[in-house]
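A short write-up of the structure that comes next.
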2 protein chains.
Amino acid sequence: MKSRAATTKRRTRIQRENEELILESALEVFSKHGFRGSTIDQIASAAGMSKPNLLYYFRRKEDIHRALLNRLLDTWLAPLRALDPKGDPLPEIQAYIARKLEMARDYPRESRLFANEILQGAPHIGDELSGPLKELVDEKAKVIASWVDEGRLAPCHPHHLIFSIWATTQHYADFDAQVRSVLGRAAPARFADAAEHLDALFMRGLAP
Amino acid sequence: MKSRAATTKRRTRIQRENEELILESALEVFSKHGFRGSTIDQIASAAGMSKPNLLYYFRRKEDIHRALLNRLLDTWLAPLRALDPKGDPLPEIQAYIARKLEMARDYPRESRLFANEILQGAPHIGDELSGPLKELVDEKAKVIASWVDEGRLAPCHPHHLIFSIWATTQHYADFDAQVRSVLGRAAPARFADAAEHLDALFMRGLAP
DNA sequence: ATTTTGTTTGTCCATTTGGTAAAAATTGCT
DNA sequence: AGCAATTTTTACCAAATGGACAAACAAAAT
């Protein structure tokens, strides 16, 4: 049996380095042009290597995309995982919103990568959405529902509250072009202003 | 001088019909696969005509895309235009949110088309964004700011309030795949639930 | 009816793109 | 050093795609 990059657990230093380099470059390219809008050549040259060389590590374009999405899903959902059922409702949600907004600011490429994938109907990670993602959301929605029941949070539809938080925070990464255009040339304070605004909106909107 | 479909004002019945047919088909295809992911062949066959025939009406793929975006921007911004400075703040915003959500429900393809364009950095309508769109938003932001000044609305950053409304409502069109996955197979009431949730969130969040 | 104008089709082409195969170069190990 | 495994390059291919062109066809105008 031949030992292949994809199948073998034992990976060389060069393999590790190059796979990392490829994924980083692919994130840059995919997040900017979408899956179909990106070419292997673009990714390869962004990674400073030849196309066949890149294909030595990932045999298909789709493999790179999948690897990226899988690797990112965990990081992306970390803030929601951190929502503590034993904490105080308002501060917990407040912290969640703040964390999500920070991620939109610090990892806009990741956000856009996901946005692109979902926009196209989630052809590559549909299973992840209706599986692990749904489970996590359902679990946290229950937590929120119990907070509502206990009167520690204004009545609201938990799932849709989570959607609202996703939408408002990721908006600043996914629709950055629009935000910049509307706010005028450079809008250096846009994330700070957004933080203030979202905090006020949700805290007032959710206070019992 | 030859009279061309693109340059002449005088258009025949067949021109009008076919251009309409092409734009409708293109909306279907572009909104599903994005600009680069869509082929002229797909659009042509969706319109039930041959590729060269389609290219007779729109000489370049990009022309179709541009025509679509231009035609849609007006419709898309109509709800914001309808925000009445002389109306009552809360009901005005309430109606705006409701209208925007209805548009996400009734015109998801249009929403996704825009989302795709903005995600890629708005290469085709950047000018529209920083021109007419910015002006409209600035104008309405002033209205909101004056409401805040008069104490008829909770303090908030007007531009970001508008962003929040865009984000939360369009989320149900743009991220439909995710919403469906998370809510489970068929989620027939998702728009009704969303309407209720967003209404509560924003009305509580914005009440003075 | 004939000419002019508008519409449609068939054919073709250059480029781009995802991917392959095998040779050449490099690295790691003993 | 010398050998095997890994990595990189060169050359190549088939399919897909955007678009050009002229001939054939239909509709209007005269």
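Below, chain A is the first sequence line, B the second, and so on; all start at residue 1.
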Per-nucleotide protein contact string for nucleotides 16-30 of chain D (B base, S sugar-phosphate only, - none; heavy atom under 4.0 Å): -SBBB-------S--

Lys/Arg N to Asp/Glu carboxylate O, [X] vs [Y], below 4.0 Å:
{"X": "A:Glu62", "Y": "A:Arg66", "value": "yes"}
{"X": "B:Asp63", "Y": "B:Arg59", "value": "no"}
{"X": "B:Glu17", "Y": "B:Arg13", "value": "yes"}
{"X": "B:Arg71", "Y": "B:Glu19", "value": "no"}
{"X": "A:Glu24", "Y": "A:Arg109", "value": "yes"}

In the structure I gave you, are the side-chain heavy atoms of B:Val179 and B:Leu183 within less than 4.5 Å of one another anywhere? yes

What does the inter-axis angle of the helix from C:dA1-D:dT30 to C:dT30-D:dA1 come out as, five pairs per end, nearest 10 degrees? 10°

Report yes if at least one side-chain N or O of [X] is closer than 4.0 Å to OP1 or OP2 of [N]; otherwise report no.
{"X": "A:Thr12", "N": "D:dA5", "value": "no"}
{"X": "B:Asn53", "N": "C:dT9", "value": "yes"}
{"X": "A:Tyr56", "N": "D:dT8", "value": "no"}
{"X": "A:Ser50", "N": "D:dT8", "value": "no"}
{"X": "B:Gln15", "N": "C:dG6", "value": "no"}
{"X": "A:Asn18", "N": "D:dT6", "value": "no"}

Specify the separation, in whole Å, of atom [atom1] of [X] and atom [atom2] of [N].
{"X": "A:Ile43", "N": "C:dG19", "atom1": "CD1", "atom2": "C1'", "result": "14 Å"}
{"X": "B:Arg11", "N": "C:dG6", "atom1": "CZ", "atom2": "P", "result": "14 Å"}
{"X": "A:Arg16", "N": "D:dT6", "atom1": "CZ", "atom2": "P", "result": "14 Å"}
{"X": "B:Met49", "N": "C:dT9", "atom1": "CE", "atom2": "P", "result": "9 Å"}

Evaluate salt bridge (Lys or Arg N to Asp or Glu O under 4.0 Å) for A:Lys142 paired with A:Asp138, printing each intermediate quantity in order. CA-CA 6 Å; A:Lys142 265 189 192 144; A:Asp138 283 345; over 6 Å; no

Carefully, step by step, assess A:His124 and A:Glu117 under the rule side chain to side chain donor-acceptor pair (under 3.5 Å). CA-CA 7 Å; A:His124 301 119; A:Glu117 168 71 6; 3.2 Å; yes

Checking B:Ser111 side chain against B:Tyr107 main chain: does a donor-acceptor pair fall under 3.5 Å? no

